[in-house]
Number of protein chains: 2
Amino acid sequence: MKRVIIVEDEAIIATEIEYYCIDLGYKVVGKFMNGDAALDGFATLDPDIALLDINIKGSKDGIDLARVIREKYNFPFVFLTSYADVATLEKVKEVLPYGYIVKPFTENDIRSNIEIALFKFGQESMGGFPSQASIFNKLNIQLTDREYQLFQGLYEGLSNKAMADTYFISINTVKTYLKSLFTKLDVSSRGEAMKKAIDLMKG
Amino acid sequence: MKRVIIVEDEAIIATEIEYYCIDLGYKVVGKFMNGDAALDGFATLDPDIALLDINIKGSKDGIDLARVIREKYNFPFVFLTSYADVATLEKVKEVLPYGYIVKPFTENDIRSNIEIALFKFGQESMGGFPSQASIFNKLNIQLTDREYQLFQGLYEGLSNKAMADTYFISINTVKTYLKSLFTKLDVSSRGEAMKKAIDLMKG
DNA sequence: GCTAAATTCACCCCTTTGGGTGGTTATGGG
DNA sequence: CCCATAACCACCCAAAGGGGTGAATTTAGC
């Protein structure tokens, strides 16, 4: 079941969207009325998609949120919009949204926009390495930053020596943290660890 | 660019579908008017999706083709149908198609059915190991049966010893064919080979 | 200040992997 | 029959990997 976050400051609209999402079989894991709270939600709730009101209240608007999503997270976003001036539209295009839902909307608008966004995102980013939060949510495993970094390097097919050179650390540090990573993942070879990452990406 | 195979015995309709597919940005790699020829096409043309007329001429109808696709290949199919009696509809449901295009159809019908089918298939089968034909088409590399089998085992995270035990061969045979596989893939570790498989699956 | 966790790194030892060399047998096509 | 290809297997040796032990330093929370 895909997890949806809704960022919309008009309570009636947010509730309507939530109602449609649930009716369509999605799981609404968070509803936020301002951008700062939404950012915390992105970090902790591991959504599969976010629906963002462009003109959201708070120090961060929908476009700011979209930028953060693109930099730090691995899920698509769709904008909710009722109107937009030319300058805003230009900014909107810069962050490359996966769709727009124009208010007032129907349930079918929600459905098709979410489906298409997930599809486009799937096409574009199949192979996106799971985030630390995602690994925690799916496996209940908390990786340290270094463990996570080496997990990524390993997934890229890098040898221990290549990782040491790439991250400017000793090969002994690489071995140390691969050891702890393997223990956490309950595997005993890099092949098994890579497979674990692949399986995580299947959902 | 996604590769489409059309299996339809009414020439005018087949040509119309081909026209729409090309207009929508897909590549039509094969058009077949009977089921036996279509089977050959599936084996050699590496399609991303097949559009199957239910009542196709030949010893194999659309439903038979769908069964073979499900058993032997790794791509979705959408049925083309103008009418269907209850018995046929039951059989159709058994093979779990990814959509239906009802005649007469519009270009939008073609577009949305192909998009949704590819999306559903991507969701369902992300992680499907590429076929030998697919590897040949994408990398121009012809793997022998044994090389391919070991590539799959490696992708599952198996050690050389585990592969030897699983396939009832000597570990020396495993090493021999991993060596030739690595040469063909131009990699020098199992990690790199696994990554190559992952990248192949991204398309 | 103390403690726990994270990070950094070393070293030991054994196993596994991968590049190389070589040989035999079976099969299919010309 | 001949040749090319595929499959089967062995052995050598060096490099890489992985499980273990240990120590020092840094950071954050109590």
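Between E107(A) and R111(A), no side-chain nitrogen of the basic residue sits less than 4.0 Å from a carboxylate oxygen of the acidic one, so the salt-bridge criterion is not met. A salt bridge is absent between K103(A) and E16(A): the closest approach of a Lys/Arg side-chain nitrogen to an acidic carboxylate oxygen does not fall below 4.0 angstrom.
At whole-Å resolution of the value, CD1 in I169(A) and P in dA6(C) are 16 Å apart. To the nearest angstrom, P of dT7(C) lies 10 Å from CG of L143(A). We find that CG of D145(A) is positioned 12 Å from P of dA28(D), with the value rounded to whole Å. When the P atom of dA6(D) is taken as reference, atom CD of E147(B) falls 8 Å away, rounded to whole Å. Between L154(B) atom CG and dT16(C) atom P the separation is 16 Å, expressed in whole Å. Across the protein-nucleic acid pair, F182(B) atom CZ and dG20(C) atom P stand 13 Å apart, rounded to whole Å. Remark: C1' of dC9(C) and CD1 of I171(A) are 12 Å apart, rounded to the nearest angstrom. Nucleotide dG18(D) holds its P atom 14 Å from the CG atom of N172(A), rounded to whole Å.
Taking 4.0 angstrom as the limit, R146(A) places none of its side-chain polar atoms (N or O) nearer than this to OP1 or OP2 of dA6(C). For dT16(C), the OP1/OP2 oxygens have no side-chain nitrogen or oxygen of N160(B) closer than 4.0 Å. When the side-chain nitrogen and oxygen atoms of T173(B) are compared with OP1 and OP2 of dA7(D), none of them lie within a distance under 4.0 Å. For S189(B), no side-chain nitrogen or oxygen approaches OP1 or OP2 of dA16(D) to under 4.0 Å.
At distances below 3.5 Å, at least one donor-acceptor pair connects side-chain atoms of Q132(B) with backbone N or O atoms of L143(B). Judged by distance alone, the side chain of R3(B) and the main-chain N or O of V28(B) form no donor-acceptor pair under 3.5 Å.
Of the candidates dG18(D), dG18(C), dA10(D), the closest approach to any side-chain atom of S170(B) belongs to dA10(D). Between dA7(D), dT17(C), dT21(D), one nucleotide has an atom nearer to the side chain of K179(A) than all others, and that is dT21(D).
Positionally, the nearest nucleotide of DNA chain D for T144(B) lies more toward the 5' end than for the other of T144(B) and S188(A).
No hydrogens or angles were tested; on distance alone, a donor-acceptor pair under 3.5 Å links the side chain of T176(A) to the base of dC9(C).
Ring geometry for F77(B) against Y98(B) counts as perpendicular: the plane angle is over 60°, on a 0 to 90° scale with 30° as the lower cut.
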